[in-house]
> 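My questions will all concern the structure given below.
Just so we're on the same page: letters track the sequence lines, and every chain starts at 1. Quick caveat, the model's predicted, so the values are computed rather than measured.
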Amino acid sequence: MQQTSHAPASSPIRLTLPDGSVRTFDTPVTGLDLATSIGAGLAKAAIAVKLDGEMRDLLRPIEKDAKVEIITRKSAEALDLIRHDTAHILAEAVQELFPGTQVTIGPNIENGFYYDFARDVPFSTDDFSAIEAKMREIIARDVPLVREVWDRNEAIKFFESKGEKYKAELIRDLPETETITVYSQGAWKDLCRGPHMPSTGKIGTSFKLLKLAGAYWRGDSKNAMLQRIYGTAWRDDKELQTHLTQIEEAEKRDHRKIGKELDLFHFQDEAAGSVFWHPKGWTMYRALEAYIRRRVEKAGYVEVNSPQLYDSSLFKASGHWDLYGDNMFKIAIKEADKPQEARMFGIKPMNCPGHVQIFKQGIKSYRDLPLRLAEFGMCHRNEAHGALHGLMRVRQFVQDDAHIFCTEDQIQSESLQFCELLRSVYADLGFEVARVRLADRPERRTGSDEIWDKSEAALHSALKAANLAYDINTADGAFYGPKLEFYLRDAIGREWQCGTLQVDFNTADRLGGTYVGEDGQKRPPVMLHRAILGTFHRFLGIFIEHCAGKFPLWLTPVQAVICTITNDADGYAAEAYDTLTAAGLRVQVDTRPEKINAKIRDHSLQKIPLILVVGQKEAEGKSVAIRRLGGETQEIMGLAEAATRLAQEALPPDLR
RNA sequence: GCCGAUUUAGCUCAGGGGUAGAGCAACCGCCUUGUAAGCGGUAGGUCGUCAGUUCAAAUCUGACAAUCGGCACCA
């Protein structure tokens, strides 16, 4: 519709607004001119323009016909601008307060921004209030943010003369064709692609600095460690406050905190990165594992169990010893009679090599495929100290792991079946599939393009058949094959990658696994590595935070507590306990000589879903008064009926 | 592994160069109670570990460990 060719400066420029109306301007025109022509209010509110979908400075001349949208603080795009601009304000404030600090990069990110600085002296969070005050001061100055196009060499010289070696390096590494733009806000200048708002006063002061962290220059651990300051910024104080409240809410859900409060598990120094599961936590773990076991068995998998400890030769053959040896737990074992010779062993970091050994036993024919081997095997990986994080990142873990040995032709149908199983499991657990990504061939890979074409195509069509929307994670597949990454969304909107399916036409071959095809030829099977939850440990961490400790009845460790009003009811409470336990429920009895209020409070804080109160009335009528977690009403029910109904309610979703 | 912070009673936390505190929990006693904390009492700590400085270290210094926030890593 609109012209995209460059128009001479003298010819009129036609700008199309979102409503379809067209405005024509004679001279070079800016977004602000356009906004002014529409209305004074809009001109005042305008902070940027969107030109054919590209965000641009409000005061940058528009050279050609285009679709134009005026961006105000209310626009969806405004938050990124506010955050990026606030990052610049942070940088100027830091340099004003701490001369000699070098600036590097400072992008907007989800919910905020950060800026990385190079400075010998560490920042302290105690500096935050001074920095924030300086930021407010700069914003109050309301100086214009001006875009300047600089000569490359001049820009390098300029930043080097100011001792900004990181900025100079950035410019040097920009492609020769790239226009070098520098934004000045008052006397302060920063290399930046932009766009920015017209002046600092427009940025607003609804920001807050949140945390300090180290970060490698250019994300590479070989480079210098910079100091990163994270902050959040919003349109107004109300939005800011909402976000800060959300952070607090997320902290309350922290699985490490809830794990302690609900007595689910603990960690201790002597076994960093490994979980001590307490009776309640282990009850949940086992209920979840039993559920997954039933689901995969119904889906045609067979469960196996493979060793923990292998001679290093197996991992050398599989390739893991070389690639991941540093992250494996290795053990040198000396025989008593040969003290000179130590044999190296490795504790398995994954189950696949073991599964190939099981596959290799006996001769397999194409008629045996697909063979789906599932294992809940304990794996160990020596994760770096700094990587450990509660249940989310541990050194000892169990995956809901399985390897499907199949033919190339079966990749698609097996992938489709897996997608359906995964979706059904997530639904049972109260999650939706938030996102699916297909990670395709990386630069460094093995296998012919033909096989990659086939594998990727199989995954594409499996996803289409499963009716799952997905995007491409370009060149991020494993070196041995493409993979699917499944994300779920939790109750407070966070996405977690849990499920995965990886096509592998490499490992079985490396370890000598073959099957006899229809043509009588031996060939290696394709292996599909797949997990739905990922690891039980991490998944339970996510699940605890998702539920904020209020677990569904079938997974919760203690489903009901029977509370006596007075000790006169102790005998009946024991009878009720026997009845409910016989019905399969996980029940406790509270006969402490406490007031019922105290008992209700204690068990409510423990997030027990069902509190069954029994006193004289219930004992006489053989009933229970049921109070549900968070509820205010009571339901009086006969004991036998309660046992039946609650046991039904407590059934895992696949058994209802 | 890297940067920064933190580590005091079972838990949450205060304190701080002269030898340790609160609330809750625990234990004991009283109360026998009807839907989110009844009352009183008792006990509980080499102040993460190991060194150093000091007449004296939980407090100051250093090393180490773990944890927290990130970064890097994540088969």
> Between B:rA66 and B:rC28, how far apart are the C1' atoms? Round to whole Å, please.
37 Å
> Look at all strands and tell whether A:Gly219 reaches a base, only sugar-phosphate, or nothing, counting heavy atoms closer than 4.0 Å.
sugar-phosphate
> Could you state the CD-C1' distance from A:Glu618 to B:rU35, rounded to the nearest angstrom?
11 Å
> Starting from the 5' end of RNA chain B, give me the residue, A:Ile565 or A:Phe267, whose nearest nucleotide shows up first.
A:Ile565
> Which base, if any, makes a Watson-Crick or G-U wobble pair with B:rG17, both distances under 3.5 Å?
none
> Assign A:Glu594 to base, sugar-phosphate, or nothing according to its heavy-atom contacts below 4.0 angstrom with the strands shown.
base
> Would you say A:Lys260 reaches B:rU12's phosphate, i.e. side-chain N/O to OP1/OP2 under 4.0 Å?
yes
> Taking atom C1' of B:rG4 as reference, at what distance in whole Å does atom OH of A:Tyr216 sit?
13 Å
> Roughly how far apart, to the nearest Å, are B:rG4 and B:rU61 at atom P?
15 Å
> Mind checking who B:rA22 pairs with, Watson-Crick or G-U wobble, both distances under 3.5 Å?
B:rU12
> Checking A:Arg530 against A:Tyr301: is there a side-chain donor and acceptor pair closer than 3.5 Å?
yes
> Side-chain N or O of A:His266 versus OP1/OP2 of B:rG10: is the shortest distance under 4.0 Å?
no
> Whole-Å distance between B:rC24 C1' and A:Glu261 CD?
13 Å
> Counting only Watson-Crick or G-U wobble pairs whose two distances fall under 3.5 Å, which nucleotide matches B:rG44?
none
> Applying the side-chain contact (heavy atoms from CB on, under 4.5 Å) test to A:Leu90, which of A:Phe207, A:Phe117, A:Tyr114 qualifies?
A:Phe117
> Could you tell me the separation between the NZ atom of A:Lys595 and the C1' atom of B:rC30, rounded to a whole number of Å?
12 Å
> B:rC27 and B:rG69: how far apart are their P atoms, nearest whole angstrom?
33 Å
> Out of B:rG69, B:rU33, B:rG70, which nucleotide sits closest to the side chain of A:His389?
B:rG69
> For a quick test of reading the model: is some side-chain N or O of A:Arg381 closer than 4.0 Å to OP1 or OP2 of B:rC74?
no
> Which listed nucleotide (B:rG34, B:rA75, B:rA72) is nearest to the side chain of A:Ala387?
B:rA72
> Using a cut-off of strictly less than 4.0 Å, decide whether A:Asn597 has a side-chain nitrogen or oxygen near OP1 or OP2 of B:rA36.
yes
> If you count heavy atoms of other groups shown closer than 6.0 angstrom to CG of A:Asp326, is the number above 12?
no
> I'd like the P distance from B:rA9 over to B:rG44, given in whole Å.
15 Å
> Would you mind classifying the nucleic acid contact of A:Phe479 as base, sugar-phosphate or nothing, using non-hydrogen atoms under 4.0 angstrom?
nothing
> With a non-hydrogen cut-off below 4.0 angstrom, is A:Thr566 in contact with a base, only sugar-phosphate, or nothing?
base
> Does the side chain of A:Ser623 come under 3.5 Å of the side chain of A:Lys617 through a donor N or O and an acceptor N or O?
no
> Classify the nucleic acid contact of A:Ala625 as base, sugar-phosphate or nothing, counting any heavy atom under 4.0 Å across all strands shown.
base
> Can you confirm whether A:Asp120 is buried at CG, in the sense that more than 12 heavy atoms of other residues, nucleotides or ligands lie under 6.0 Å from that atom?
no
> Do the side-chain N and O atoms of A:Tyr487 and A:Arg489 include a donor-acceptor pair separated by under 3.5 angstrom?
no
> Heavy atoms only, 4.0 Å cut-off, all strands: where does A:Ala384 land among base, sugar-phosphate and nothing?
base
> Ignoring the backbone of A:Leu605, work out which of B:rG70, B:rA36, B:rU35 is nearest its side chain.
B:rA36
> Any donor-acceptor pair under 3.5 Å between the side chain of A:Arg393 and the base of B:rC73?
yes
> Around atom CD of A:Glu110, are there more than 12 heavy atoms from other residues, nucleotides or ligands closer than 6.0 Å?
no
> Which whole number of Å gives the distance between the C1' atom of B:rU49 and that of B:rA58?
14 Å
> Please classify the nucleic acid contact of A:Gln606 as base, sugar-phosphate, or nothing, using heavy-atom distances under 4.0 Å.
nothing
> What is the distance, rounded to the nearest whole Å, between atom OH of A:Tyr324 and atom C1' of B:rA72?
15 Å
> Whole Å only: how far is the CG atom of A:Leu388 from the P atom of B:rC71?
15 Å
> Within the pair A:Lys211 and B:rG70, is there a side-chain N or O less than 4.0 Å away from OP1 or OP2?
yes
> Does A:Gln227 make a side-chain donor-acceptor contact with the base of B:rG70, cut-off 3.5 Å?
no
> Which part of the nucleic acid, if any, lies within contact of A:Ala213, taking any heavy atom under 4.0 Å across all strands shown: a base, the sugar-phosphate backbone alone, or nothing?
base
> In terms of the nearest nucleotide of RNA chain B, which residue is placed more toward the 5' end: A:Ser604 or A:Met350?
A:Ser604
> If you look at every strand shown and take non-hydrogen atoms under 4.0 Å, does A:Pro593 touch a base, only sugar-phosphate, or nothing?
base
> For B:rU67, which nucleotide is its Watson-Crick or G-U wobble mate, given both distances must be under 3.5 Å?
B:rA5
> Does any nucleotide pair with B:rU61 by Watson-Crick or G-U wobble geometry, both distances under 3.5 Å, and what is it?
B:rA51
> Checking side-chain contact (heavy atoms from CB on, under 4.5 Å) against A:Leu210, which of A:Ile229, A:Asn111, A:Ile247 comes through?
A:Ile247
> Give A:Gln616 one of three labels, base, sugar-phosphate or nothing, depending on what nucleic acid heavy atoms sit under 4.0 Å from its own.
base
> If only side-chain N and O atoms of A:Tyr114 are considered, is one of them under 4.0 Å from the OP1 or OP2 phosphate oxygen of B:rC71?
no
> Looking at B:rG34, which nucleotide sits across from it as a Watson-Crick or G-U wobble partner, both distances under 3.5 angstrom, or is there none?
none
> Any donor-acceptor pair under 3.5 Å joining the side chain of A:Asn567 to the base of B:rU32?
yes
> Verify the ring-centre separation between A:His529 and A:Tyr480: is it less than 6.0 angstrom?
yes
> When you look at CZ of A:Phe551, are more than 12 heavy atoms from neighbouring residues, nucleotides or ligands closer to it than 6.0 Å?
yes
> Using whole Å, report how far CE of A:Met328 lies from P of B:rC74.
16 Å
> Under 3.5 Å, is there an N or O donor on one side and an acceptor on the other linking the side chain of A:Arg627 and the base of B:rA36?
yes
> Taking the C1' atom of each, how far is B:rG40 from B:rG52, in whole Å?
48 Å
> Which part of the nucleic acid does A:Asp602 contact within heavy-atom distance under 4.0 Å: base, sugar-phosphate only, or nothing?
nothing
> Look at all strands and tell whether A:Leu323 reaches a base, only sugar-phosphate, or nothing, counting heavy atoms closer than 4.0 Å.
nothing
> Between B:rC3 atom C1' and A:Phe117 atom CZ, what is the distance in whole Å?
15 Å
> Among the candidates B:rA75, B:rU35, B:rC71, find the nucleotide nearest to the side-chain atoms of A:Gln634.
B:rU35
> In whole Å, what separates the C1' atom of B:rU7 from that of B:rC13?
13 Å
> Please classify the nucleic acid contact of A:Lys617 as base, sugar-phosphate, or nothing, using heavy-atom distances under 4.0 Å.
base
> A:Asn327 side chain: which of B:rA37, B:rC73, B:rC71 is closest?
B:rC73
> B:rC39 pairs with which nucleotide, Watson-Crick or G-U wobble, both distances below 3.5 Å?
B:rG29
